[in-house]
Amino acid sequence: MERIDVAVIGGGQSGLATAHALLRRGLRPVVLEASDRAAGSWPHYYDSLTLFSPARYSSLPGMPFPGADRDLYPHRDEVVAYLTAYADRLDADIRTGSRVTAVRRTGDGFAVELEDGGMLSAQAIVAASGTFGHPHQPTLPGLEEFTGQVLHAADYRSAAPFSGRRVVVVGAGNSAVQIAAELAETARVTLATRGQVKFTAQHILGRDLHFWTTRTGLDIAPLGRFLAHPPAQPVLDDGRYRAALAADRPDRRPLFTGADGAKLVWPDGSREEVDTVLLATGYRPDLPYLTGLDGALDADRNPRHREGLATGVPGLAFVGLEWQRSLSSNSLRGVGRDAERIARRLAAHLGRR
């Protein structure tokens, strides 16, 4: 069995930042990426997606995001190209097409089992596999009885297939509002939410919001330890989404109360035939390979950790969790800080500098 220092599971932004930090500590990580390229979930997001932060606040350690205008908001494909270039420049062993199916404790470390039957022996593990592979589908009234199409935002690419259709988007976050507004250009769309949509301005006093979170220290404040559950994030808006909702494109309604075949039942008792319910209800950590590792996950299959270090499994760490340590923990601009901290702690655990 091949023996390695650290297995980094996931080759997206979190895994690449972790590999960079481990290399700086003299460790030789092996990055195990399930897909055919080291770009994480970015190639699978919807076509029109742009970063919420400008290029100047969207870089991994050691390589600024390219482009002459640092205040532009990079498109999904630009992020994919950036991560691909970052991986190419990184002097790390990155193995694509390597899906991890299980991690088990051994006497002196961990056994990492791969889908193709291969196995590695690692002294430490960093779970950096993100959330995209685990879309969250909450229990919603009547949804199991609804006979129309039910999709998650993870399945959405563009508005083209929904032209002229009746669509209900469920959710009140950034993706929900952005997708609903895009769909409303060619379809009849309702944004169904449990409460009012909360907005925050993209620009304050002529500066992008990320300038202020960086300048005030909010971006790096270690608040994650005090949060039992990540708080809902307001919708970042430059004015277009408030205007879209004000014009009923899409219209907003309280969440439906049931379903009758292909019809949804609204709180006022009315019934309306709907083609598609699209759930923009977020994601959860995608960690199925840790279910057999005692102490790694809680009863809800969420990681048991403190600021990324597993509390019950020495040698196991996480990078890229939402609010792992701070507001920016699962972003391009912030994941490198958490990765550096985890690399430092794992190097100490393994007796390295």
Side-chain angles (χ1 to χ4, degrees), residues 8 10-24 29 31 33 35-92 94 96 126 128-132 174-175 178 200-204 206-221 233 235-238 240 319-343:
V8 178
Q13 62 190 40
S14 302
L16 295 175
T18 300
H20 178 274
L22 290 168
L23 288 167
R24 281 167 45 87
V31 179
E33 166 57 34
S35 72
D36 61 354
R37 53 179 164 171
S41 57
W42 282 98
H44 308 291
Y45 288 128
Y46 52 95
D47 295 347
S48 63
L49 180 67
T50 59
L51 284 177
F52 302 133
S53 56
R56 71 172 67 250
Y57 300 111
S58 303
S59 300
L60 294 179
M63 182 176 162
F65 205 100
D69 190 342
R70 306 285 289 150
D71 293 318
L72 288 179
Y73 298 85
H75 180 264
R76 176 202 65 185
D77 293 346
E78 293 175 302
V79 179
V80 172
Y82 170 76
L83 293 175
T84 302
Y86 191 92
D88 289 342
R89 287 180 49 175
L90 197 60
D91 183 24
I94 300 174
T96 57
V126 178
S129 46
T131 62
F132 189 81
N174 282 286
S175 293
Q178 290 180 4
T200 191
Q202 182 79 61
H203 296 92
I204 299 172
R207 297 274 197 169
D208 181 88
L209 178 66
H210 295 88
F211 168 85
W212 298 108
T213 58
T214 301
R215 179 62 63 91
T216 61
L218 178 61
D219 217 40
I220 62 173
Q233 298 292 319
V235 176
L236 281 175
D237 186 30
D238 59 5
R240 80 183 83 172
V319 172
L321 300 175
E322 187 177 10
W323 282 98
Q324 175 170 312
R325 179 172 167 81
S326 69
L327 169 66
S328 60
S329 282
N330 66 334
S331 69
L332 278 167
R333 70 185 185 278
V335 70
R337 287 187 289 267
D338 285 4
E340 179 60 34
R341 183 173 181 276
I342 290 301

Side-chain (Q178) to main-chain (V235) donor-acceptor, under 3.5 angstrom: no

ring-ring contact (aromatic ring centres under 6.0 Å, His included) partner of F65, the single match among Y57, Y82, Y86: Y82

Within-4.5 Å side-chain heavy-atom neighbours: L90 and V31: no

Residue pair F132 / W42, side-chain heavy-atom distance below 4.5 Å: no

Non-hydrogen atoms of S35 and T96 that approach each other most closely: O-CB, 3.3 Å

D208 and Y73 side chains, donor-acceptor separation under 3.5 Å: yes

Non-hydrogen atoms of S326 and S329 that approach each other most closely: N-OG, 2.9 Å

Side-chain touch L327/Q233, heavy atoms, less than 4.5 angstrom: yes

Main-chain N/O of G334 paired with S331 side-chain donor or acceptor, under 3.5 Å: yes

Name of the residue among V8, V126, V335 meeting side-chain contact (heavy atoms from CB on, under 4.5 Å) with S14: V335

Heavy-atom donor-acceptor pair, D77 side chain to V80 backbone, under 3.5 Å: no

All pairs passing salt bridge (Lys or Arg N to Asp or Glu O under 4.0 Å) where residues 64-75 contributes a residue, at least two apart: R56-D71

Stepwise side chain to side chain contact (heavy atoms under 4.5 Å, CB included) test for L236 and T200: CA-CA 5 Å; L236 281 175; T200 191; 3.3 Å; yes

Smallest separation among heavy atoms of L332 and S58, with atom names: CD1-O, 3.7 Å

Heavy-atom check, side chain of E33 versus side chain of L16, under 4.5 Å: no

Atom pair NE2 (H20) and CE (M63), whose distance is rounded to the nearest 0.5 Å: 11.0 Å

Side chain to side chain contact (heavy atoms under 4.5 Å, CB included) between L72 and E78, worked out: CA-CA 11 Å; L72 288 179; E78 293 175 302; over 6 Å; no

Where A201 and L209 come nearest, the two heavy atoms and their spacing: O-CB, 3.9 Å

Donor-acceptor contact below 3.5 Å, side chain S129 vs main chain G10: no

Y45 vs S175, side chain to side chain contact (heavy atoms under 4.5 Å, CB included): CA-CA, chis, key distance, verdict: CA-CA 10 Å; Y45 288 128; S175 293; over 6 Å; no

Single hit among D47, L51, T50 for side-chain contact (heavy atoms from CB on, under 4.5 Å) with R76: D47

Q202 CD to R207 CZ distance, which is reported to the nearest 0.5 Å: 14.5 Å

Residue pair P54 / P74: nearest heavy atoms and the distance that separates them: C-CD, 4.2 Å

Spatial distance of atom CZ (R89) from atom CG (D91) [nearest 0.5 Å]: 12.0 Å

Contact list for residues 327-341, test salt bridge (Lys or Arg N to Asp or Glu O under 4.0 Å), sequence neighbours left out: R24-E340, R25-E340, D219-R333, D219-R337, E307-R341

Side chains of L83 and L60 in contact at under 4.5 Å (non-hydrogen atoms): yes

Under 3.5 Å: donor-acceptor pair, side chain of Q13, backbone of N330: yes

Heavy-atom closest contact (A339 atom, A21 atom, distance): O-CB, 3.6 Å

